[in-house]
Protein chains: 2
Amino acid sequence: MSETPPHRKRDASATTEAILTAAREVFTEKGYDGAGTREIAERAQVNVALISRYFGSKEGLFAAAVPPMMTLDAVLAGDMAGFGTRLAASLTHKTARKGFDPMLALLRAASSPEAVPVLRQALQAQVLHPLADRLEGPATLERAALIGALVVGFDLLTRVLGLTATGADAMDALEQTLAKSVQALVDQR
Amino acid sequence: MSETPPHRKRDASATTEAILTAAREVFTEKGYDGAGTREIAERAQVNVALISRYFGSKEGLFAAAVPPMMTLDAVLAGDMAGFGTRLAASLTHKTARKGFDPMLALLRAASSPEAVPVLRQALQAQVLHPLADRLEGPATLERAALIGALVVGFDLLTRVLGLTATGADAMDALEQTLAKSVQALVDQR
DNA sequence: ATAATTTGTAATCGGGTGTTGACTTGGTGG
DNA sequence: CCACCAAGTCAACACCCGATTACAAATTAT
């Protein structure tokens, strides 16, 4: 058995990036409390102390890892007439993407006091406000918040709590109803 | 200074009840991970070991404390024409009740794997199904789930993440929009 | 080549967690 | 009265956490 190369080339930016992607994965899977710095470091194949060095603390790592990825741009592209359908599809068509998922990370970190300010600010600035700007009519911010509530609640029920629709046709019905509810909030005026 | 009476009268059912109410409060405030058995015992003025004795484990305590209280009966009473208004009012009129709040407890425990099965079962059996039974038309379970998502998401945004409506009139607009969205899901057919 | 700075390592600190076992105390039935 | 058993106490266990310190190795600058 050949010895594992004792250390890869020294590259600060590469290791910070490795830490960030590992942190995103673990925060997604385990939440803020459940994610341990040792586990993150291990997955990044990096020494634990480097987390403190580069990000100051676990909270600093979370703030650096999660917020930049919270965006609604993909679904917001296109005309708002099809927004409900697009959003519903993006929620039900769980691409089962391994690794980082901003929504799961948010849901599983929301119970940790240290993470709350970070999450609130990012959600406000990068999701709710951009969405409200695309709405017309009265109370755009409130309607945007309700759309956000629908999305967040939907993901909490299905992905975190694991509530499953009973059948494939029920899944279709769910997606259609969701799309209709969202679109009603978009078209309201 | 008189000595504090070294111990109150021995009463197993009274102490289990004290543990339960203390547990409900702490789980509400700190979530499942954040709530410590020692803190619960201290608030109940009870020895920590009694938690293990009476409930087997922290998970057992959670299962005994939270699910029985998850109910929608108060809002479900009355005719379904006013359901949206009633539900929206019950959410925005945060009575700021101190102590136990099943919705907060659910939200802050949802990220803990040990709590998830308990929460899912209780939500399913005591909230979603009773609500679906009161709905008419197609896909009642799916529409009930979406109403649940709206409620859960709304509370997550406002109470857990602390997103605040900018003004009092904005709060009214939010409540009305929420009522309308819920009622639309109720009346759909 | 030598000094200085950055990058990575290893061990440890102080504290907190849920849970357990042995023990003591209180009330009660024989 | 006293033995018995439930109810409560106490101290410890084994484990995990985030953070820090002192040190070694590699890179860069002089």
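Keep in mind it's a predicted model, so treat the numbers as computed, not measured. Letters go in sequence order (proteins before strands), and every chain restarts at 1.
Atom CZ of A:R10 is separated from atom C1' of C:dG8 by 5 Å (rounded to the nearest Å). D:dC16 atom P lies 17 Å from atom CD1 of A:I40, rounded to whole Å. If you take CD of B:Q45 and P of D:dG8, they are 13 Å apart, rounded to a whole angstrom. The NZ-C1' distance, from B:K9 to C:dG26, rounds to 12 Å in whole Å. In this entry the distance linking CD1 of A:I19 with P of C:dT9 reads 10 Å, nearest Å. As a whole-Å value, the separation of A:E39 CD from D:dA19 P is 16 Å. Between the OH atom of A:Y54 and the P atom of C:dT9 there is a distance of 10 Å, rounded to whole Å. Atom CD of A:E42 and atom P of D:dC16 are 12 Å apart (whole Å).
One finds the CD atom of B:Q121 at 9.5 Å from the CE atom of B:M70 (value rounded to the nearest 0.5 Å). Interatomic distance, OG1 of B:T140 versus CD1 of B:I147, reported as 10.5 Å (0.5 Å rounding). Atom CE of A:M69 and atom CG of A:D101 lie 12.5 Å apart (nearest 0.5 Å).
Partners of B:Q126 according to the side-chain hydrogen bond (donor to acceptor under 3.5 Å, both in side chains) rule, which considers only residues two or more places apart in sequence or in another chain, do not exist here.
Under the 3.5 Å distance criterion, the side-chain polar atoms of B:R24 are left unmatched by any main-chain donor or acceptor of B:F100.
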Where protein sits on nucleotides 14-20 of chain C, one letter per nucleotide: B base, S sugar-phosphate only, - none, heavy atoms under 4.0 Å: ---BBBB

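Using a 30° and 60° split on the angle between ring planes, A:Y32 and A:F62 fall in the perpendicular class, above 60°.
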